[in-house]
Structures are given as structure tokens and as C-alpha cells.
Amino acid sequence: MENRIGETFWKRLLVFYIPLFMFLVVILFPFYWMMIASVKPDQELYTIRASPYIVRNPTLKHWELLFFDTLFLQWAWNTFLIALASTAISLTCGVLAGYSLARLKFFGSTTIAVSIFVTYLVPPTLLFIPLSSVIKFFDLHDSSFSLIWSYPTILIPFCTWLLMGYFKTIPKELEECARIDGATQFQAFYKIILPLATPGILSAGIFAFTLSWNEFLFALVFIFSPENKTLPVGVISELIRGDTFYWGSLMAGALFGSIPVAFVYSFFVDQYVSGLTGGAVKG
Amino acid sequence: MAQVDLKNVYKTFDKTPVVHGINLSIAHNEFLVLVGPSGCGKSTTLRMIAGLERVTSGEIFIGGRLVNDLPPKARDIAMVFQNYALYPHMTVYENMSFGLKLRKFSKEEIRKRVEESADILNIRELLDRRPKQLSGGQRQRVAMGRAIVRHPQVFLFDEPLSNLDAKLRVQMRTEIKKLHQKVATTIIYVTHDQVEAMTLADRTVVMRDGYIEQIGTPQELYETPETRFVAGFIGSPAMNFIPCRMIENGGNLMVQLTEALRFPVPAGLAKPYRDFLGKELLLGIRPEHITEQRPHEENEELVDFEADVEVVEPMGNDTMVNFTIAGVEVWARMEPHAAPPNAKSLGFMVNMNQMHLIDPSTDKVIR
């Protein structure tokens, strides 16, 4: 990066590189900790004499335990399917609701928009109690569907609210122009507005996917059988037995569990921030 | 035939009336300009013709067909928006062909029409670009191209030049006029810029606060404005309005501006003014009709007077001179060399044949 006029190397170091470095250390330290804890043999993990920041005799024992003695891969697969399905449901509803609330004027539209926001404010920790009766009523206990249908209760308000804001940033004239060009309202929506909303839809999707991937409480309450568990719950419940913590495997599980999220973020980061609407109107 | 008729069209937004009963008939292939200050209802009127707004009451006909309940796509119109509204995710070619594709034209027909329109607008080499890669003027051209490929019955322009810089605006104005000559169609054009209204229009409609103030050719509006608003709105720089009193002197009418300054009213204009004898009125006179003194016959139309100069603004082709009469700022337009920059006092000549008299109680021009 080129220095701006009047900016010395030292000033740049002081106001830019050093704070950035400190920020990176804070952010990345937990991952480093997970990484080394997952490859330390037990005697190193529990000693207090040696420095905890380095590994002397790396081992893959904890990873072996995680992959072969627990249902870890099954949990990961469950979590993936559940996150994917609930994200798909929430995005579909969020896109349609967000668009209608942003663009169509109908009786009660403002009230609906506000109440969706209020719903979003209700903490999930309160919601799970009544929801568990609902789950019981539909006989979905201990099934992935209990989560696939209950995650959207949190995700749909979130996606709707986010997308509503995004749709509002797309100039109304584009749609009006499409309608004059010969499109119906629906054609204008899916041929013009939807492609332009891609960055917003991706953002909402990434958030929804991450939230469902990491969700703990609902998954803990609604699922009992080990083979149906999701990753966060499975790792905690199977690797903490009584007062025995399998720290190495726990850390391995946590590290592995964060890979898909990191992958999803880095893969879509360009889309995520892209100004795809550039050039639509004067600018 | 694409005649457009508006019959008693009203529009109300949430109980706020915006357009009050517009009656307007736009002839086939006519270039009609709706002009007025912002908030006068001109854009709303255009959007009602486009079908983007519902009329509250009244009827709109396009080509003799009642279109009140038709959606925009069924009205056979095309519209160019102020901010161009190009689809950013499509190339210029896709932008232009979008409407034809929706109307299920064949691929060959689409290609033919797009290329034909691109040639008219000189944008053939831009067809593969995206809107982001175009300059303001190019985007404007594409927006027009997207309208003309459809061969619509009526073109609607909503302040299409407002986002361009001054130089480009003048250039595109000429292009729009040329376009109308090449592609003969009915055009309804909305602008707040009276220069566009003058230069482009076959007929101009001046609107104000949701009412039509006056309809006429640009020259008619300039020469015979019916109201004080039109008189002040059309023409640049704007007309001077000087308070005066109508008096009679030896059988001839005169306007008295100050104790010392009175101008004779030309005999040919005097008749309607007789009723206003002794009344307080406004003398309307355009800056171009107050000039430097020139040799002239001793006749009653051209009157010489002197005034103390306040500001001199050279424009190059002519020089604007500002002075005060009866407490009102007055502008005169002079030959560049007739007004030195440091002039203190100058002789002026007013052409009273070009005078207008306005009755301040009705704001109507007396005729």
C-alpha cells in the first residue's frame, strides 16, 4: 500500500500496522490454542511447569478419539444438513417477506415490519420452552426436523429485516423501468431485483448458516439420541463425561467445527461486499 | 395514431392533492414539454400516463384507448428516467433487448432492432459493456436506446438531462431533438429547466402547484405570457417586475415608476390598460428589452433614461447590468462594450413595445 502524502513510515507503523497486528493476535489466539491443545499429549496438557504455548511431542491421539471413537462425522453431517435446510427455508421466506415489506404498500405493512423486528428481539432462551410443546405436539422430538423447523423462528425475522434494508437500497426506477419494458411485477422481481440483491441474500444466507451451525440450546433440548445430535451438542455431551474433560478432543472438535464457517465466509467475501449495483443510476 | 388525451385528471397522495384536474391533448408525433418548479405535479402527471401511478379521478387515453386500468406494460410506451435506471447486471445489448425479449420477439428481429437503434445513437461499440463502464452521456444514450428499440407509441422523458454536466446537457438536448426528427413519435418530456422547455418543445405546458398555468408554443409563452408566473418562469435571465402606477398625460397613457421616471405606453397597446387608470400595477419588461441607448427616431416605443449602476456582469456575448428602480432590482442586457466594468451611471433605452402589465391582485397579465 502506498503511503499518503505527508505520512511517514513510522506514523503508518504506529497507527496502522501495530494496531492491526495486535488485533490479529487477539483474534487468532483462540485458534492457536485449540490447535496446540488438540495435538498435545495428556501429560503435557496437564503440566503446569512447561510453557503452555508450545508442543514438545505432538500426537494425533485426540483426533483419533474424536473421529473413530465418537460419532463426530455423523454429527457434522447432521449439523450441515440442518443448517442448510433451515437456511434455505429462512432465505426463501426472508426474500419474499423482505421484498414485500420494502416495496409493496399494503394494509398493515408497517405494523408487520415492526412486529417482525420485535419478534427478532425475543431471546431464543425464552422461546425454547413454548417451542418444545409445539415440537411435542407435532411429534418431532429427537428428529432433525425439530431443528429444521424451529431455527427459522429466529432466522426468518433476521433475514427479513436484513433483506428489507437491502431491497430498499435498490433504486425503485429499475423496477418501474422493467414494468414499462413489459415485465409483470413478479418478472421485474426475479429478473431485475433478485440478481441485484445477490450480495444481500448471500450475507443473510451466511449469517443464517453460521447461526444454525453454531446453535446450541435448541439442539440440546430437542435431540436426545447420540446419532441425531449436532456438532456443538455432540462434542460437549460425549467428550465431557462426568468430571472428565477430554480437552484434546474437545479442542480438535471445536477447531474442525469452525472450518466450514470460515470456508463459507472466505469463499463469498467478494460477493459479500461487492457493489453490484454500481452504474444502475448515476454514481 | 398515438394521440394522448388527459381528461380532468386528478391525483391525491394520502389526502394531499398533487394534480388538480388536468385537461391536455397531445397530438400525434408532437413534442410536448411539461415544465414547472419542483413539486408542481409534472412528474406525477407523467407517471400517471406511464401507469406507474393510478389516477385518483379522470381519464387518460393513449391512441384513443382508455388506459386508466392498464398496467404499464400494456400501454405501449417507453420511458427514460432521470437516473437512467439501466440494469447494472446486464450488458448494454441485454439492457436494450430486455423489453423485446419479454415481448417474445425473434432473436434476429431483436438483433436487427438493437443494432438499428445503436446506430441512431452512435453506441454500436458499447453494446458489450456494462453500465458501470459507461460515462454519464453514454448511459443516457443507452437509456434512450432502450426506449427506441421497442418502437413505442409514446416516449416519456422524466428530467433526462438533470444528472449531466452543463456542457453535456446542451449536447444531449440537441441529440434528443434530432432523435425526434429521425424517429417520429409522440414525446412527453418533463423538465424544470425552462431552456429545455423552450428549445425542445413543439408546445410547452407550464405547471404550478398542480394546475396548468399556460399552454402554448415556446414563442407564445415568451411573447405573450398570461400570468406573472409564466412571465417570470420563461426566459433567461428572468423578466423584471417593477411596481408602477397607470396615469394619463394629455390623453396618452403612461406608467409612473418613480416621481421622476415615467414611460409612455405605446398607443397600440393602450386599449386594455385604460380600465386600470390610477391603479397600482407591475411593469414586466425583459432584460433584453432594456439596452444601451442607441440612435432612434423620436417615437414613443423607445424611451431613454439614466440610472446609477450597481453591478456589471460581462457574459462575453453581452453584459448584464444591474440597477435599482423604485426599490426593485432591475437587469438590463447590453452590448459588451456599452457597459464598462467600473461604470457608475449609464444611459439606458427601454423598448416599451415589449412591455407587459400585470395586475397584482390577480397576478394575470393584462391584455
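As the structure is a computational prediction, the values presented were derived from the model and not from experiment. We name chains A, B, ... by the order of the sequence lines, and we start the count at 1 in each one.
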- Item | Pairwise distance CZ(A:R179) to CE(B:M79) - rounded to 0.5 angstrom | 11.5 Å
- Of B:R47, B:K73, B:R146, B:Q140, the largest count of non-hydrogen pairs under 4.5 angstrom with chain A goes to B:K73
- Query: Once you round to the nearest 0.5 Å, how far does CD of A:E173 lie from CG of B:L52?
  - Reply: 9.5 Å
- Heavy-atom nearest pair, A:I180 first then B:A50, reads CD1-CB, 4.1 Å
- Query: Any chance CZ of B:F61 has more than 12 other-residue heavy atoms, nucleotides or ligands included, within less than 6.0 Å?
  - Reply: yes
- Message: Around atom CH2 of A:W161, are there more than 12 heavy atoms from other residues, nucleotides or ligands closer than 6.0 Å?
- Response: yes
- Message: Does atom CZ (A:F216) have a neighbourhood of more than 12 heavy atoms from anything else shown, all under 6.0 Å?
- Response: yes
- Message: With a sphere of 6.0 Å drawn around NZ of B:K112, does it hold more than 12 non-hydrogen atoms of other residues, nucleotides or ligands?
- Response: no
- Should we count CZ of A:F21 as having more than 12 external heavy atoms under 6.0 Å? no
- Given that the side chain runs from C-beta out, which part of A:Q187 has a heavy atom under 4.5 Å from chain B: side chain, backbone, both or neither? side chain
- Query: How many angstroms lie between CG in A:L174 and OH in B:Y84, if you round to the nearest 0.5 Å?
  - Reply: 13.5 Å
- Item | Any donor-acceptor pair under 3.5 Å from B:Y87 side chain to A:A178 backbone | yes
- Query: Looking at CD1 of B:I77 and CG of A:D181, how far apart are the two atoms once the value is rounded to the nearest 0.5 Å?
  - Reply: 10.0 Å
- Query: Within residues 90-107 of chain B, which positions have a heavy-atom distance to chain A below 4.5 Å?
  - Reply: B:M90, B:F98, B:G99, B:L102, B:R103
